[in-house]
Amino acid sequence: MVQSHYVRFVFAALLCTLLFSVSVICGHRSAKLLGGTEANFWRLTLATLVLGIWAYTRGIGLSGEAFPLFLLSGIVGIGFGDLALYQALPRLGPRLASLLIQCLTAPCGALIEWLWLGTTLSGRQLLCGAVILAGVGVALAPGEHLRLRPRTLIAGTLFALLAALGGAGGAVLSRKAYVIVHASQQPIDPFNAGFQRLGGGLLLAGICLLIVKRHEVRALLSNTGIRGRAASISKEACCGQSSELRLGSAMTKWRRVWPWVLGNGLAGQTLGVSAMQWALETTPTGIVLAIIAVTPLVVIPFANLTEGERPTLHSVVGGLIAVGGVVALALGRTE
């Protein structure tokens, strides 16, 4: 008989997979319209606001002995990992970026947890994980890279590798944080854990956005003084029409992008990551990330609707292989 906590873990991991798939599509669109760094910042801001309300009304806020590790998990996974993800998405596209990141994250996470926490996986779990990753590889290897310039492919691949290492490291740090949670008998719900992780990720994302937008920030700050304000008024008097045009362009851009930012923030960092924290509380990183690696397969129908990418025969065959691995893993027992 399948253990009840294992059933809950599988449900949480599959729910996370579905939510991450929606997030990938929304993230791809918002990154195209805003740029990867700004899109990442605004979806983290939205998620922090939503989860913060939950954490301070129903949870423990930023309290608890495990908070420093959850914060560090966010810096590594959400900060560095997702920052690299949002640089890989516009360069490789949602399917190829997801393929590289998900297939690298699971083995990296299993290796890091084994080296640090000594967590080992059974032969059955390793085999099922390998089957899942093989199915993902078969499904999402349509030769997209042949349509990319070499420079774009290399840059996108490096960012995907950094995203995988960041995601794996962040997940293992969350596992260690839950060890402290259980040892200190200070329970924390998945939404509150997600909020504690977001603090570190949002901080790093904000710094990166300031760096990217440094010229605009410098121009804004120069207009705050008396001389700067006088010069600004004089300039606006001469170029008022162009300022109005820029404002109108910005408003038009946000009217197009806000649904994608909203979907990305809610599906990915608010609900998706909370579901992942729920799974990581009781289950080794390598197993959780292996199931979440199915995300690119779930992306296929969404990509068909939004990007016009039609599924191919090998994507269907690979999907069946990966699903078979997930089913076999779900029916097994933890050892």
Measuring only between side-chain heavy atoms, which start at C-beta, is [X] closer than 4.5 Å to [Y]?
| X | Y | answer |
| --- | --- | --- |
| Asn192 | Gln196 | yes |
| Leu83 | Phe159 | no |
| Leu46 | Val50 | yes |
| Leu162 | Gln87 | no |
| Asn40 | Cys208 | no |

Is there a chain of hydrophobic side chains (I, L, V, M, F, W, Y, each step under 4.5 Å between heavy atoms) that links [X] to [Y]?
| X | Y | result |
| --- | --- | --- |
| Val172 | Val288 | no |
| Leu121 | Val294 | yes |
| Leu104 | Leu85 | no |
| Tyr56 | Ile188 | no |
| Phe70 | Leu198 | no |

When you measure from the side chain of [X] to the backbone N and O of [Y], does any donor-acceptor pair fall under 3.5 Å?
| X | Y | result |
| --- | --- | --- |
| Glu65 | Ser184 | no |
| Glu38 | Gly35 | no |
| Glu113 | Thr285 | yes |
| Ser21 | Thr17 | yes |
| Thr270 | Gly265 | yes |
| Tyr178 | Ala66 | no |
| Ser23 | Leu19 | no |

**Message:** Checking Thr45 against Leu202 for the side-chain contact (heavy atoms from CB on, under 4.5 Å) test, could you report, in this order, the C-alpha distance in whole Å, the side-chain angles of both residues, the deciding distance, and whether it holds?
**Reply:** CA-CA 7 Å; Thr45 301; Leu202 181 60; 3.6 Å; yes
Drop me the distance from [X]'s [atom1] to [Y]'s [atom2], to the nearest 0.5 angstrom.
| X | Y | atom1 | atom2 | answer |
| --- | --- | --- | --- | --- |
| Thr119 | Leu111 | OG1 | CG | 12.0 Å |
| Leu51 | Leu271 | CG | CG | 8.0 Å |
| Leu15 | Ile291 | CG | CD1 | 12.0 Å |
| Ser73 | Lys176 | OG | NZ | 13.5 Å |
| Met276 | Leu289 | CE | CG | 7.0 Å |

Exercise: identify the closest heavy-atom pair between [X] and [Y]:
| X | Y | result |
| --- | --- | --- |
| Ile112 | Ala168 | CD1-CB, 4.2 Å |
| Ala160 | Leu100 | CB-CB, 3.9 Å |
| Cys16 | Ile292 | SG-CD1, 3.7 Å |
| Ala88 | Gly156 | CB-O, 3.8 Å |
| Ser174 | Gln277 | OG-OE1, 3.2 Å |
| Gly199 | Leu71 | C-CD1, 3.8 Å |

**Request:** Answer yes or no: is there an ion pair linking Asp189 with Arg58, defined by an N-O contact shorter than 4.0 Å?
**Result:** no
**Residues, nucleotides or ligands: over 12 heavy atoms within 6.0 Å of Trp258 CH2** = no
**Request:** Can you establish whether the number of heavy atoms outside Trp260 located under 6.0 Å from its atom CH2 is more than 12?
**Result:** yes
**Prompt:** Taking the six-membered ring for Trp, are the ring centroids of Phe67 and Phe195 within less than 6.0 Å of each other?
**Reply:** no
**Request:** Decide side-chain contact (heavy atoms from CB on, under 4.5 Å) for Glu281 and His182; before the verdict, give the C-alpha distance in whole Å, the side-chain angles of both, and the deciding distance to 0.1 Å.
**Result:** CA-CA 9 Å; Glu281 182 176 3; His182 295 151; 3.3 Å; yes
**Asked** Yes or no on side chain to side chain donor-acceptor pair (under 3.5 Å) for Arg43 and Ser30, after CA distance, side-chain angles and deciding distance?
**Response** CA-CA 9 Å; Arg43 62 107 186 206; Ser30 58; over 6 Å; no
**Message:** With side chain to side chain contact (heavy atoms under 4.5 Å, CB included) as the test, pick out the partner of Leu44 among Ile78, Leu204, Asn264, Leu49.
**Reply:** Ile78
